[in-house]
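What follows is a set of notes on a single structure, which appears directly below.
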Amino acid sequence: MLDIKVLRDDPGAVRAGALKKRLPDRAAAVDRALQLDAELRALLPSLDALRSGQKQASKALGKLSPAEREQHLQQQKQVKAEVAVLEEREKQLRADLEAQLALVPNVPDPEVPEGKDDTENVEVRRWGEVRDFGFPVRPHDELAEAQGWLDQQRASDMSGSRNYFLFGDLALLHDAVLRFAIDLMVDRGFVPVDPPVLVRDKAMYGTGFFPGGEEQTYRCEKDGLNLIGTAEVPVTSLHGGEMLAEEDLPKRFVARSGCFRREAGTYGKDTRGLYRVHQFQKVEQVIVDVADRERSIRHHAHIVDNAEALLQAFELPYRVVAVCGGDLGVPQAMKYDIEAWMPSRKGYGETHSASRFYDYQARRLVLRYRPKDGGKPLFCHTLNNTVVASPRILIPLLEMHQQPDGTVRVPAALQPYLRGRSVIGKALA
RNA sequence: GGAGAGGUGGCAGAGUGGCCGAUUGCGCCGCCUUGCUAAGGCGGUGUACCGGAAACGGUACCGGGGGUUCGAAUCCCCCCCUCUCCGCCA
């Protein structure tokens, strides 16, 4: 949610931002919001004056004699009816304004590249070499099935497509990457969190997933709860509605959770293997800090660096891309994706997504802090990034570290999490 | 799932129809007293919106939403949450 004052001051910039995100209908919401805002502001002075009169008269009424009282009572009933009409109008306008304002996307930063979709994201840097294997490379799913580590057939029979069973050493590796990720982040000063995975609409709305993301979300209608697609939702919402002290900021969290995504509208896309699945585990980093753009930008660089440290420890080549306008979500002001090299895809595949929001989420969440100098409360800035998502990360791990005989080398950083083993799997025929 | 008690400002905690946007305490800010520290005295201190250059004025807000009333933190209804007891249970 943007401040309505930003729309009043510079509607053109907000409209242009929505268009940069390739969301023309959301750009139209800017004008609808301003129209409603103007109507509301035209209404309020007269309504307030009317209410003021009513309030005073009511107060006086308490002190009148019974005879005078009767006469004034009739007058007051009239006023009451007038106020009721205007209040109804006010309520409607406020609700409509809120709804339109919620549709207005965050304005992308100037540094966000122009572009229509992910093919126009701009590479910022690369790390690591895409080595020449010198033997036929097995796709991760074939390798994993051959090792007895993966069963997608029975998972589909049981739970539908895009589900999986992991077994044996791959199940252990899955857990190892997650635990490594948490340790890495705890070492870097983040507070570990195990959040709820079922949340009310308020948290989905507050983080900007609703309205718009309903089709991507599993919903437990009976209880009015939603399964989260990322721990960003509960963790960023953690202090929603609260007034933090500046001394408490920044807050840095690292959360591990199950993540659930319906993947509606992706039929036929990434159908193979463990790339796009309905349920996965993710370790997510979230930062809440003061309203300072420069600081947000620095945090953004840091959370990208945290993810790069993990990929480097996993010895996986990757690149960082600046996400273009058309591929940017509604609430984000700027986003970097990190993509690891995946031989079976013959390309880089997204493993991390680092977003900064400024106060867009905090406004929706009413997440505020009181500045040290005792000034007016301000909305916080929020950011988040993946630390690791698994099983997706297992794709490059298996594919890049496989050996000619079908065994898989374990990077040194992960060996402590596998009881010191440096290789997993048996020699395949 | 059943029974009860509660949800009030940054925090704690009064307030059962008009004198309440709300006593008081803590915290915070300013001034004063005081060799330092500790302690004390006086004053100030909620949020949002509207109007205003500002001073300031107005309105709304006592978990959320409806209702009764000229008037609601206070009475009624629905929902959410917290706590205690009982039941069930990984």
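Here is the naming used below: chain letters follow the sequence lines, and residue numbers restart at 1 for every chain.
In this structure, CZ of A/R368 is placed 12 Å from P of B/rG9, rounded to the nearest angstrom. Note: CG (A/L249) to C1' (B/rG10) measures 14 Å, nearest angstrom. Between the C1' atom of B/rG46 and the CD atom of A/E242 lies a distance of 17 Å, rounded to the nearest Å. The CG atom of A/L97 sits 17 Å away from the P atom of B/rA48 (whole-angstrom rounding). Rounded to an integer number of Å, the gap from CD of A/E247 to P of B/rC28 is 11 Å. In this structure, A/E98 atom CD and B/rA48 atom P are separated by 16 Å, rounded to whole Å. At whole-Å resolution of the value, CG in A/D223 and C1' in B/rC80 are 13 Å apart.
Closest to the side chain of A/K376, out of B/rA48, B/rG71, B/rC50, is B/rA48. Comparing B/rG10, B/rC70, B/rC80 against the side chain of A/R370 picks out B/rG10 as the nearest. Here the side chain of A/R200 is nearest to one of B/rC80, B/rC70, B/rG51, namely B/rC80. The side chain of A/P45 lies closest to B/rC50 when the candidates are B/rC70, B/rU47, B/rC50.
Environment of CD in A/Q78: sparse, with no more than 12 heavy atoms of neighbouring residues, nucleotides or ligands closer than 6.0 Å.
Rounded to whole Å, the separation between the C1' atoms of B/rG63 and B/rU82 comes to 10 Å. Taking atom P in both B/rU23 and B/rG43, the straight-line distance is 15 Å, to the nearest Å. A gap of 14 Å separates the C1' atoms of B/rU47 and B/rU8, to the nearest Å. Taking the P atoms as reference points, B/rC11 lies 16 Å from B/rG27, given to the whole Å. Between B/rG9 and B/rC28, the two C1' atoms lie 14 Å apart (nearest whole Å). Across the C1' atoms, B/rG2 and B/rG87 are found 8 Å apart, a figure rounded to whole Å. Nucleotides B/rA73 and B/rU68 place their P atoms 16 Å apart, quoted to the nearest Å. Annotation: B/rA22 and B/rU37 have their C1' atoms spaced 38 Å apart (nearest Å).
Heavy-atom nearest nucleotides on RNA chain B were determined for A/Q54 and for A/R94, and the one closer to the 5' end corresponds to A/R94.
A/T230 places a side-chain heavy atom less than 4.5 Å from the side chain of A/K282.
Side-chain atoms of A/Q285 and A/N306 form a donor-acceptor pair, as typed in the model, at a separation below 3.5 Å.
Taking A/R26 as the reference, nothing meets the salt bridge (charged side-chain N to carboxylate O under 4.0 Å, His left out) condition, with sequence neighbours excluded. A search for side-chain hydrogen bond (donor to acceptor under 3.5 Å, both in side chains) contacts involving A/E315 returns A/R409, not counting sequence neighbours. Shown here are the side-chain hydrogen bond (donor to acceptor under 3.5 Å, both in side chains) partners of A/D151, two or more places apart in sequence or in another chain: A/R154. For A/E39, the side-chain contact (heavy atoms from CB on, under 4.5 Å) partners two or more places apart in sequence, or in a different chain, are A/Q35, A/R89, A/L93. In this structure A/Y205 satisfies the side-chain hydrogen bond (donor to acceptor under 3.5 Å, both in side chains) test together with A/E98, sequence neighbours excluded. Residues meeting the side-chain hydrogen bond (donor to acceptor under 3.5 Å, both in side chains) test with A/D96, sequence neighbours left out: A/Q92.
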> Where each pair must be Watson-Crick or G-U wobble with both distances under 3.5 Å, what dot-bracket representation of RNA chain B is obtained, with crossing pairs in [ ] and other-strand partners as |?
Replying inline: ((((((((.[[[..)..(.....]]]((((((.......))))))((((((....)))))).[[[[[..)....]]]]])))))))....
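Sorted by first and then second residue, the ring pair (Phe, Tyr, Trp, His ring centres under 6.0 Å) pairs with a member in residues 235-261 of chain A form an empty list; sequence neighbours excluded. Listed by first and then second residue, the salt bridge (charged side-chain N to carboxylate O under 4.0 Å, His left out) pairs involving residues 156-178 of chain A are A/D169-A/R421, A/D175-A/R179, A/D175-A/R256 (not counting sequence neighbours). Within the structure, every pair that satisfies the salt bridge (charged side-chain N to carboxylate O under 4.0 Å, His left out) test and touches residues 183-193 of chain A, not counting sequence neighbours, is listed here: A/R188-A/D305.
Within 4.0 Å (heavy atoms only), A/K372 reaches no atom of the nucleic acid at all. At a threshold of 4.0 angstrom between heavy atoms, the contacts of A/R8 are confined to the sugar-phosphate backbone, with no base atom among them.
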N/O to N/O distances under 3.5 Å, protein versus nucleotides 72-74 of chain B:
none

> When every nucleotide of nucleotides 54-69 of chain B is labelled 5' to 3' by its protein contacts under 4.0 Å (heavy atoms), B for base, S for sugar-phosphate only, - for none, what sequence of letters results?
Replying inline: ----BSS-----S--B
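Note on A/E87 versus A/R51: salt bridge recorded, some NZ/NE/NH1/NH2 to OD/OE distance being below 4.0 Å.
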